[in-house]
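Take a look at the structure below.
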Amino acid sequence: MKILREHVEPVLSNALESIGINNPNWKSMLTPSREHSQGDLSLPCFPFAKQLGKSPNDIAEDLSKLIENNGAIGQVNATGGYLNFKAESKWLAKQLLSGKVRVGDAYGKKPDTDRQVLIEHTSANPNGPFHVGRARNAILGDTLVRLHRLLGNEVRAEYYVDDMGKQVGVLAWALDNLSDQEVENILEDKDSISTKWANKADHTRVRWYQAAQKLRKDEDKSEKMEQEIGKLVHASEHGDEAVLQQFHDSFQPVLDGMLETLGRLGIEFDQFTNESMFVTNGDVAKLTQTLSGLDIHGVADNGAEFLDLGARGLKGKTEFFFKRGDGSSLYATRDIAYHIWKWKQCDDLINILGEDHKLQSKQVGMTLQELGHKVPEVLFYSFIKLPEGKMSTRRGNVVFMDDLLEEAKEHASKIVRELRPEYLEQEVSHIAESVGRSAIRFNIIKVSPDKGFTFRWEEALAFEAGSAPFIMYSHTRALSIANKCSDNGIDIEEISNKNLDLETINLELPDSLIDLLRCMAIQNDVLERSVKQCRPNLFANQVLNLATSFNGFYRDCKIFDDGEVNELYFQISQLASQFLKTGMEGLGIIPLERM
RNA sequence: GGGCGUGUAGCAUAGUUGGAUAAUGCGUCGGCCUCCUAAGCCGAAGAUCGCGGGUUCAAAUCCUGCUGCGCCCGCCA
């Protein structure tokens, strides 16, 4: 709890000095209390024992007597070798209610830190619809974008479009060479697409891609086809404008379909950058020339070129190829050019990548370093699998995000209709859509990125405690209280702006209220750590805790009772709803008016 | 074979730069709507933190060996 720490450190410093501890290292030992009931901040006194020849317990005891009260510290206690500090609850309430703790805004309207952050995420090849596994990247990336904005950073969210190379080449070839009927014949043993997505190009055009991939394995036809595709790819890699245009026309409708899906999840980008740009503008040519001049550069028999990263300590495969035998560049080479370009436009650079990109990313990072550039921060995530095993479009073991979104909405509709029969169909639909996307995002974001994740329908569609709807529900409760007050002719604006004198409020604050205050007070601490460590799940947990704390407060503190409003409770409820709202927006959860 | 990651109640997970009695949800069992939205709240049972060593006043956390699982080891993207 940062706001308390500022008030504890000076008095604790004095106390430590007077018992003979001058080493400032203790500051890093003062940590949030593990035992929540004992305090907000704790100092373990074990390390001082040897130096002072006293038991940790006695040291904590001595220190507790030396702490001067400065108004912020409500309670100091010494137990089990720990010195615990608890914030004075009315002081804490005052800090919060007077706006000392930043509420923030996840849409970037309140930049606060002067840091320009560029986050590249998703960047999926535009060759087919998102499945739940690939969407983990987008959800993680977008959440990180939002959390950075909530913290006050200026963020650009960027999608790197693979508009050249083999994958798009195959798609373009197929669209040019295969008729509807041929595609259906080739894919006869595969399920046809759901009629629901018959007009969505990511679902329709991927059939051409799949058909072509299947043909490529068929030896009779593959040779000629491989030649034609190779020609296209080669042309694209040398910046042939007509071919690049053909590629663009092939994939753009697919990309549009994919972006429609992401839009439904609340995910948008500030900029799209085409991979081909770095070929056509000459950056790649310049780069390969520079790389060829490096000490650790090497040449293979056929003229292909590589860097020996083993010489810089890379273990395992040490040769990193950046140029093919035919002189063309590779994906990673272009990626390095892209990174150099990105670094010119930001202070911090973050990439979201699947764990399969770890080696590639390491190679890119080491090469950047070799060239005197900074290494980007990378958030790697493990793959989402299904109970039946690895997700694979090819084997039909796959859950499409579009289907999940529909299913979640339908499930939510059912619940709303049951619980709120009086709502109009339009409102039901709005609530269901919001609940569906929020639940999907939260379900993925709450788990640590480096852990494997098994997608289960029953979990994705569980709208109980521990889910986004649980958080959303707490938030609507706060709003419904305010509405109720309004409906009873109370001027809530006036109460909100009233300057309450907490000292004169003759009232013991209930524990659950204090818990809520403490939870709000650490929200930014957790946000900062979550952003710094690139772990959105930490903040997801915080918002979950906040909702739980609010529910406890709601249970114990009646705000509107007998026609009277408890003004302190009201203000705290309003503030909590603010923290809930911005926290939810930071996670991409939609704060509803009612549900 | 080599590299990287991961293993925590029946299940799914949290656990901060090492710190107190390892936290939460689902599931199980038992309570709470005449009371601001019960998508809620309260209570109970349930853990050899994968296994073995080591460092430390203190290890789920750090080091090391073993083991299960995942990913990578293309002049693919």
Side-chain angles (χ1 to χ4, degrees), chain A residues 28-29 31-36 38 42-50 56 79-82 84 125 127 162 164-168 233 275 300 302-306 314-319 321-326 328 330-332 334-335 354-360 362 380 382-383 385 390 412 415-416 418-420 435 446-448 450-454 456 458-459 462-474 476-485 488 525-526 529 533 535 537-538 540-541 544-545 548 551-552 554-561 565 569 573 594-595:
Chain A
S28 65
M29 282 156 50
T31 56
S33 307
R34 184 78 106 192
E35 285 303 308
H36 200 58
Q38 295 293 340
S42 297
L43 182 77
C45 296
F46 309 96
F48 307 132
K50 211 175 256 176
T79 43
Y82 290 84
N84 302 307
N125 287 333
N127 59 9
D162 180 7
M164 55 185 290
K166 199 155 269 175
Q167 297 212 24
V168 215
V233 172
E275 198 179 322
N302 67 348
E305 298 184 34
F306 61 88
L314 184 67
K315 290 182 205 156
K317 186 184 154 69
T318 56
E319 290 178 348
F321 281 87
F322 61 89
K323 198 166 161 187
R324 290 197 186 96
D326 69 0
S328 61
L330 286 106
Y331 174 82
R334 287 169 239 139
D335 201 23
E355 61 179 341
D356 55 336
H357 280 67
K358 275 185 179 172
L359 175 60
Q360 172 96 251
K362 180 91 190 154
F380 292 106
S382 191
F383 295 121
K385 51 184 184 294
K390 211 173 135 177
I415 293 173
V416 182
E418 208 173 286
L419 262 30
R420 317 271 183 255
V435 165
K446 72 176 177 185
V447 326
S448 183
D450 49 17
K451 284 208 181 162
F453 178 88
T454 304
R456 290 188 177 83
E458 64 271 29
E459 275 168 29
F463 297 164
E464 294 148 323
S467 72
F470 169 84
I471 298 167
M472 297 167 79
Y473 192 66
S474 302
T476 57
R477 277 177 153 174
L479 299 194
S480 88
I481 294 169
N483 283 336
K484 187 175 178 186
C485 293
N488 281 276
D525 303 352
V526 179
R529 193 155 47 86
Q533 299 182 4
R535 290 163 69 194
N537 58 305
L538 299 182
N541 226 279
L544 203 51
N545 289 339
T548 304
N551 286 342
Y554 172 88
R555 177 191 67 228
D556 295 339
C557 302
K558 191 89 178 157
I559 290 162
F560 184 78
D561 205 5
V565 176
Y569 290 176
S573 168
R594 53 179 211 160
M595 60 188 282

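When reading the values below, keep in mind they use all heavy atoms of this one structure, side chains included, and skip hydrogens, waters and symmetry mates. Quick note on labels: first sequence line is chain A, next is B, and so on, each numbered from 1.
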Mind listing the closest non-hydrogen atom pair of [X] and [Y] along with its distance?
X	Y	answer
A:Val233	A:Lys166	CG2-CA, 3.7 Å
A:Arg324	A:Leu330	N-CD1, 3.8 Å
A:Ala465	A:Phe470	CA-CD1, 3.6 Å
A:Gln38	A:Asn84	O-CB, 3.5 Å
A:Phe383	A:Gly354	CE2-CA, 4.4 Å
A:Thr454	A:Glu459	O-OE1, 4.4 Å

Value in whole Å for how far the [atom2] atom of [N] lies from [atom1] of [X]:
X	N	atom1	atom2	result
A:Lys558	B:C36	NZ	P	5 Å
A:Arg529	B:A14	CZ	C1'	11 Å
A:Gln167	B:A77	CD	C1'	5 Å
A:Glu459	B:C26	CD	C1'	8 Å
A:Phe48	B:A58	CZ	C1'	14 Å
A:His36	B:A14	NE2	P	21 Å
A:Asn545	B:G15	CG	P	11 Å
A:Arg535	B:U13	CZ	C1'	13 Å

Review point. Any side-chain donor-acceptor pair under 3.5 Å between A:Glu355 and A:Ser382?
Key: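 Yes, side-chain donor-acceptor contact under 3.5 Å.
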
Review point. Going by atom types alone, do A:Asn551 and A:Arg477 pair a side-chain donor with an acceptor below 3.5 Å?
Key: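 Side-chain D/A pair, A:Asn551 to A:Arg477: present.
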
Check your understanding: Does A:Ser448 make a side-chain donor-acceptor contact with the base of B:A14, cut-off 3.5 Å?
Key ->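 Checked by distance alone, the answer is no.
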
Point to revise | Presence of donor-acceptor pair under 3.5 Å, side chain of A:Asn84 and base of B:A20 | key: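 Check passes, donor-acceptor contact within cut-off.
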
Review point. Does the ring of A:Phe321 lie flat against the base of B:C75, closer than 5.5 Å centre to centre with planes under 30°?
Key: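 A:Phe321 vs B:C75: stacking yes.
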
Measure from the side-chain heavy atoms of [X] and tell me the nearest of [options].
X	options	value
A:Tyr554	B:C36, B:U6, B:G40	B:C36
A:Arg555	B:A77, B:C75, B:C41	B:C41
A:Ile559	B:G40, B:C36, B:G15	B:C36
A:Ile415	B:C36, B:A20, B:A39	B:A39
A:Pro47	B:C57, B:U17, B:C76	B:C57
A:Glu35	B:C42, B:U16, B:A20	B:A20
A:Tyr473	B:G15, B:G40, B:C41	B:G40
A:Arg324	B:C75, B:A39, B:C41	B:C75
A:Arg477	B:A38, B:C41, B:A20	B:A38
A:Phe463	B:A39, B:A12, B:A20	B:A39

Indicate, with a heavy-atom threshold strictly under 4.0 Å, whether [X] touches base, sugar-phosphate, or nothing.
X	value
A:Gln38	base
A:Asn488	nothing
A:Asp326	nothing
A:Ala412	nothing
A:Cys45	nothing
A:Ala465	sugar-phosphate
A:Met595	base
A:Ser467	nothing
A:Ser42	base
A:Phe470	sugar-phosphate
A:Gly325	base
A:Ser474	nothing
A:Val526	nothing
A:Leu538	sugar-phosphate

Can you see if the side chain of [X] gets near the phosphate of [N] - specifically, an N or O under 4.0 Å from OP1 or OP2?
X	N	value
A:Asn541	B:A14	no
A:Arg334	B:A77	yes
A:Arg594	B:C36	no
A:Lys451	B:G7	yes
A:Lys50	B:C57	yes

[N] versus [M] - spacing of their [atom1] atoms, nearest Å:
N	M	atom1	result
B:C69	B:C51	C1'	15 Å
B:G50	B:U61	C1'	15 Å
B:A59	B:G54	P	12 Å
B:G18	B:U6	P	16 Å
B:U48	B:U34	P	42 Å
B:C71	B:U28	C1'	37 Å
B:A20	B:A60	P	9 Å

Point to revise | Qualifying residues under ring pair (Phe, Tyr, Trp, His ring centres under 6.0 Å), relative to A:Phe321, sequence neighbours excluded | key: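 A:Phe321 satisfies ring pair (Phe, Tyr, Trp, His ring centres under 6.0 Å) with A:Phe306 only.
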
Point to revise | nucleotides 60-73 of chain B: protein proximity per nucleotide (B base, S sugar-phosphate only, - neither; heavy atom, under 4.0 Å) | key: B---------BSSS

Exercise for review: Taking atom CD of A:Glu418 as the centre, report whether more than 12 heavy atoms of other residues, nucleotides or ligands fall under 6.0 Å from it.
Suggested key: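 Count not over threshold, so no.
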
Practice item. May I ask you to establish whether A:Lys385 and A:Phe453 are in a cation-pi arrangement, using a distance under 6.0 Å from NZ or CZ to the six-membered ring centre and at most 45° from the ring axis? Key: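 A:Lys385 over A:Phe453 ring: no.
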
Practice item. Please report the C-alpha distance between A:Asp162 and A:Val168 in whole Å, then the side-chain angles of each, then the deciding distance to 0.1 Å, and finally whether the side-chain contact (heavy atoms from CB on, under 4.5 Å) criterion is met. Key: CA-CA 8 Å; A:Asp162 180 7; A:Val168 215; 4.3 Å; yes

**Study point:** Opposite nucleotide pairing with B:U24, Watson-Crick or G-U, both atom distances under 3.5 Å
**Key:**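 Checking every strand shown, B:U24 finds its partner in B:A12, with both distances under 3.5 Å.
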
